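This report concerns only the one structure given below.
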Amino acid sequence: MQSSNTMGEAASPAAGTATELRNLVGGSWSAGRGQAVTLYNPADAKAEVARFTYSTQDDVRDAVTAAERAFVEWRSTPIVKRCRILAHCKELLEQHRMEIARLIVIENGKTLGEAEAEVRRGLEVVEFAAGMPSLSKGDYIPDISGRIDGYMLREPLGVVVGACPFNFPAMIPMWMFPVAIACGNTFVLKPSEKCPMTATRLVELFQEGGLPAGVLNVLQGDRETFAAMIAAEPVRAVSFVGSTPAAEAVWKLAGSHHKRVQALGGAKNHNIVMPDADPQGAVNAVVGAAYGCAGERCMATSTVVLVGEAGKLLPGLIDAARSLRMGDGLETETTLGPLISAAHRDRVLEYLELGQREGAKLVLDGREASTDGLPDGHFLGASIFDQVTPEMRIAREEIFGPVLCVMRAADLDEAIALANQSEFGNGASIFTNSGGAAQHFRTNIEVGMIGINAGVPAPMAMFSFGGHKNSIYGDLRAQGPDAIEFYTQKKTVIERWFGTGPTGSIWSK
Ligand code: NAD
């Protein structure tokens, strides 16, 4: 057992040595007792970045028990005190902001600028959570009936568990545990097994920032680890973000154990460009949304629908996508980082072949792009398919890579109908100069997050984040007001007092 995970020393990519990751259980760091795993830098698959072991059923039991014990004190710690600790943690994270961003780059591959933006989004959730005293106040109606008061108060649930995807190793953990903890719960986090370094470092910083032992725990592991966490008896609620099949499996498993669950899944997001849109603004936004984070974003634009004369924008889209510079995310000139793994790159390559077999026209082939001096990275250049039709698999399935599908529509209603055919409903955007078109789009598009002249309509921390249809299982979304709703249960009280107070003794009556 150790009191520190020693991540701080190895957080610098210059260190060149793999970081040993551990579990944090009840305030002590120790290795999981399961299978050993080594992770490599996606920009250089020969460079080891982390080693760790998966957690076993016993590790899960220990962590959940530690969280259950810590809940007794934590729930009765005054909310202002809980939030003061979180505010202090946030200051610590600010001091380590660049170190966290560099960790994201070396384990995930995205560019440093993208990583910095991700850390900022996560920090905003911590800021939001630190305001919990004002945010989670109950309701009170005096004299709701003759000398009767009615009120509602919120209380924490108990032990909450969360599992995260690989693509936002800092932001998505911070969607979960800061809000849960501010509400008085204790938390067991399972980072992505593909990108666990950043989340583990965050947990270490929250420990250093003053969270009492057992309030925040971390378990390294895979889907089996998380299934064991969901099933563990003391666990009251399950937060999940990942692919749609996994979200559905988690939602069903949690439901079968009668656990509260929010499970956010995959996406296939559409951008509609109207003929009256600002041409350069639309091209820049679509390309940024399609290829940012190498297309590995649940808010990535995977299809652009060019309406009427907007079809003329295709050459501009091709030029802008071709000009992206592939490379190591730590290099300042890089605008397109590698994919997460060789297996994932192979999967995206299969979609390029599939699209051609399905009859789409590959007008920009990312396989032709190259990187200098990085032969072992999982790089793939930007690709564009034109003449994509809705029945094609490349139009329907989440590719999660730097591939943009182009569809054409005669008018806005046809474009909306194309987007609404998707089984997913995460985000969608319109580019137009018409308020009427934007309103029509907002009303009729079937997604949870809408952009108007904005390519990536990801809500900030004060709003909740989540989609519709197969992009979510469960009713409450991540961060913002839904998160408070999710991490608390309500009690309503009807209160009546007999007599008028301390003037008389009941014994004298
Ligand atoms: P993934 O589904 O493979 O894994 C996500 C997490 O779930 C991991 O921690 C993994 O260990 C766990 N897991 C996987 N299958 C499980 C199962 N059957 N039971 C229990 N746990 C399981 O996803 P990924 O490849 O890491 O991430 C990419 C996916 O996440 C994409 O589909 C993307 O759209 C989605 N995503 C969605 C959002 C959103 O807000 N909707 C945000 C980010 C990523």
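Start at 1 and go down the list; that is how both ligands and their atoms are numbered. Keep in mind that this is a model prediction, so the values were computed, not measured.
If you check each of Phe240, Phe424, Tyr54 against atom 12 (C) of ligand 1, the one with the closest non-hydrogen atom is Phe240. Nearest to atom 35 (C) of ligand 1 by heavy-atom distance, out of Gly162, Pro169, Gly242, Gly266, is Gly242. Among Lys194, Glu193, Met299, Met229, the residue whose heavy atom lies nearest to atom 3 (O) of ligand 1 is Lys194.
Comment: Arg121 engages Glu124 in a salt bridge, judged by a side-chain N to carboxylate O separation of less than 4.0 angstrom. Ion pairing between Arg120 and Glu94 holds under the 4.0 Å rule for side-chain N and carboxylate O. Taking 4.0 Å as the cut-off between side-chain N and carboxylate O, Arg201 and Glu204 count as a salt-bridged pair. Comment: Arg393 does not engage Glu358 in a salt bridge, judged by the lack of any side-chain N to carboxylate O separation of less than 4.0 angstrom.
Contact annotation for Ile172 and ligand 1: only side-chain heavy atoms (C-beta onward) come within less than 4.0 Å of the ligand. When non-hydrogen atoms are compared, ligand 1 lies under 4.0 Å from neither the backbone nor the side chain of Ala478. Neither the backbone nor the side chain of Arg297 comes within contact range of ligand 1; no heavy atom lies under 4.0 Å. Within the 4.0 Å heavy-atom criterion, the part of Phe400 lying near ligand 1 is the side chain and not the backbone. Contacts between Glu296 and ligand 1, counted as non-hydrogen atom pairs separated by less than 4.0 Å, are absent for every part of the residue. Counting heavy atoms closer than 4.0 Å to ligand 1, residue Val250 contributes side-chain atoms (C-beta onward) but none from N, CA, C or O. Both the backbone and the side chain of Phe166 come within 4.0 Å of ligand 1, judged by heavy-atom distances. Counting heavy atoms under 4.0 Å from ligand 1, residue Ile472 does not touch it at all.
Here's the thing with Ser471: none of its N/O atoms is less than 3.5 angstrom from an N/O atom of ligand 1. At under 3.5 Å, not a single nitrogen or oxygen of Asn167, backbone or side chain, sits near a nitrogen or oxygen of ligand 1.
The protein atom (non-hydrogen) at minimum distance from atom 39 (C) of ligand 1 is Cys298 SG, 3.4 Å.
For Lys190 and Phe240, the positive end is not near the middle of the six-membered ring at less than 6.0 Å and at most 45° from its axis.
With sequence neighbours left out, Asp328 forms a salt bridge (charged side-chain N to carboxylate O under 4.0 Å, His left out) with no residue at all. With sequence neighbours left out, Arg154 forms a side chain to side chain donor-acceptor pair (under 3.5 Å) with Glu485, Thr488.
At a cut-off of 3.5 Å, with distance as the only test, no side-chain donor of Arg260 or Gln489 sits close to an acceptor on the other residue.
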